[in-house]
Amino acid sequence: MADARLGQWLFLLACAVTLLKAAGVPVEITYVHSAIAKGAVCLDGSPPAYHHDKGFGSGINNWLVHIEGGGWCNNVTNCLGRKNTRLGSSKQMLKAIAFSGILSNRKMFNPDFYNWNRIKVRYCDGASFTGDVAAVNPATGLYFRGARIFRAVIEDLLAKGMGNAQNAILSGCSAGGLTSILHCDNFHALLPAGTNVKCVSDAGYFINVKDVSGAQHIEELFSQVVETHGSARNLPPSCTSKLRPGLCFFPQYMASQIQTRIFFVNAAYDSWQIKNILAPGVADPHGTWHECKLDIKNCSPTQLKAMQDFRVQFLSAVGGMTGCPLKGMFIDSCYAHCQTEMQETWLMADSPVLNKTTIAQAVGDWFYGRTPFQKIDCPYPCNPSCHNRVFDPNQHLLEQ
């Protein structure tokens with residue numbers, strides 16, 4: 001009995017040491033002060049910012065630019081609510097953050113990109129870096145300049161060595177994952193002609209479906225974001241020439257036209273989309289979905305049926321990407337959101353797998369052309385390797 005207890009303690013200690021190693025060294029913030037003169041500023045007028053862990057060895061001329069997530073603000077009131085937070089002001093951002101997952105500098109945790117220049121771009125515009133409204137309302141002091149921020153940050157990085165890049169990736173999580181889709185071809189165009197450029201979107205494939213009440217909640221929200229931020233001119237013309245600009249914020253209407261190679265990492269039961277697109281608070285006034293959204297194990301058979309239907313609609317929305325050699329995908333059946341930034345889901349001994357392949361292996365094989373990867377998981381609960389999210393009931397569910 002004592003030996004068994006000792007074995008358990010040693011195992012837990014080994015896990016703790018591994019996680020401690022994976023946590024990474026904090027990376028200091030860099031403010032792009034030169035962007036202010038270009039009007040490329042956060043919601044409050046402060047300069048944009050990023051964190052840069054410099055490349056070394058064979059990775060010194062390789063660059064991974066990862067965009068932070070954080071939802072959107074769809075009207076002046078919501079944007080004012082962000083203005084004095086880290087999602088609207090670089091003054092409120094942490095001065096140093098730890099890198100892990102796809103940003104890790106440890107070979108054992110990130111074998112294909114550990115020695116690249118790894119950058120995390122902070123998110124402070126509220127519209128996935130698409131907005132550009134010249135006028136500033138004197139009453140609110142809000143700046144809607146996300147598209148200018150994107151260009152100013154990339155120009156700053158080009159001047160600091162990315163202009164000599166051999167390989168480059170634009171990646172991102174959530175609203176940042178949507179940025180990596182919407183800006184993929186733009187990013188490619190800003191890089192030198194000889195650079196091997198690809199994009200990776202993590203949890204950025206938001207789909208346009210009705211909520212449980214039958215309303216088009218997310219379609220209305222995205223249309224308001226595009227209108228408020230003046231995003232239409234910065235969305236792909238191949239889409240806006242055919243559809244309303246608000247629809248072109250959805251990858252399902254524009255991603256098939258992306259010319260640059262791109263990889264989609266997404267959960268078919270994306271926890272943010274289940275909470276905010278399928279069953280947002282406005283569609284569930286009595287809170288019948290509350291416990292289900294906290295933990296998928298709490299979902300009733302009726303709720304699980306709605307989630308299975310959501311998965312079918314999600315797979316239909318990504319259907320235009322399957323079979324295309326320019327596109328890669330890792331679509332698991334986990335209740336999760338953003339899996340590349342967290343070490344546990346990017347690359348650990350028990351990370352989620354499809355076809356016995358982790359996300360890190362799939363993205364690395366795809367980027368370097370070792371093996372193409374387009375895998376879609378079987379329906380929940382078939383994948384025992386999933387790290388299904390369980391949310392704290394005392395935390396706000398980030399509903400919009």
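Because the structure is predicted, anything quoted here is derived from the model rather than measured.
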* Going through the checks in order, is the ring-ring contact (aromatic ring centres under 6.0 Å, His included) test met by Tyr335 and Tyr269? -> CA-CA 5 Å; Tyr335 186 61; Tyr269 306 87; 8.2 Å; no
* Please determine which of Val226, Ile218, Leu221 meets the side chain to side chain contact (heavy atoms under 4.5 Å, CB included) test together with Phe249. => Val226
* Would you verify whether the NZ or CZ of Lys275 falls within 45 degrees of the ring axis of Phe391 while also being under 6.0 Å from that six-membered ring's centre? => yes
* Structure fact -> Shortest non-hydrogen pair, Thr340 vs Ile359, comes out as CG2-CG2, 4.2 Å
* So among Phe367, Phe56, Trp63, which one has a ring-ring contact (aromatic ring centres under 6.0 Å, His included) with Trp116? -> Phe367
* Quick one: OG1 on Thr77 to CZ on Arg82, what's the gap to the nearest 0.5 Å? -> 13.5 Å
* Asked: Under 4.0 Å between a Lys/Arg side-chain N and an Asp/Glu carboxylate O for Arg370 and Asp112?
  -> yes
* **Tyr368 and Phe113 aromatic ring geometry - parallel, tilted or perpendicular at 30°/60° bounds** => parallel
* Asked: Can you tell me how far CD1 of Ile169 sits from CZ of Arg261, rounded to the nearest 0.5 angstrom?
  -> 13.0 Å
* To do: Assess the side chains of Asn110 and Gln343: does a donor N or O sit below 3.5 Å from an acceptor N or O?
  => no
* **Ser241 side chain vs Cys239 backbone, donor-acceptor pair below 3.5 Å** => no
* What orientation do Tyr50 and His52 show, parallel under 30°, tilted 30 to 60°, or perpendicular over 60°? -> tilted
* Asked: Do you know which of Tyr143, Phe144, Phe222 makes ring-ring contact (aromatic ring centres under 6.0 Å, His included) with His229?
  -> Phe144
* Can you see which heavy atom on Ser231 is nearest to which on Ala127, and at what distance? => OG-CB, 4.3 Å
* Structure fact -> The single option from Val197, Leu190, Ile258 that satisfies side chain to side chain contact (heavy atoms under 4.5 Å, CB included) with Asp185 is Ile258
* **Within the 6.0 Å centroid threshold, strictly below: Phe373 and Trp366** => no
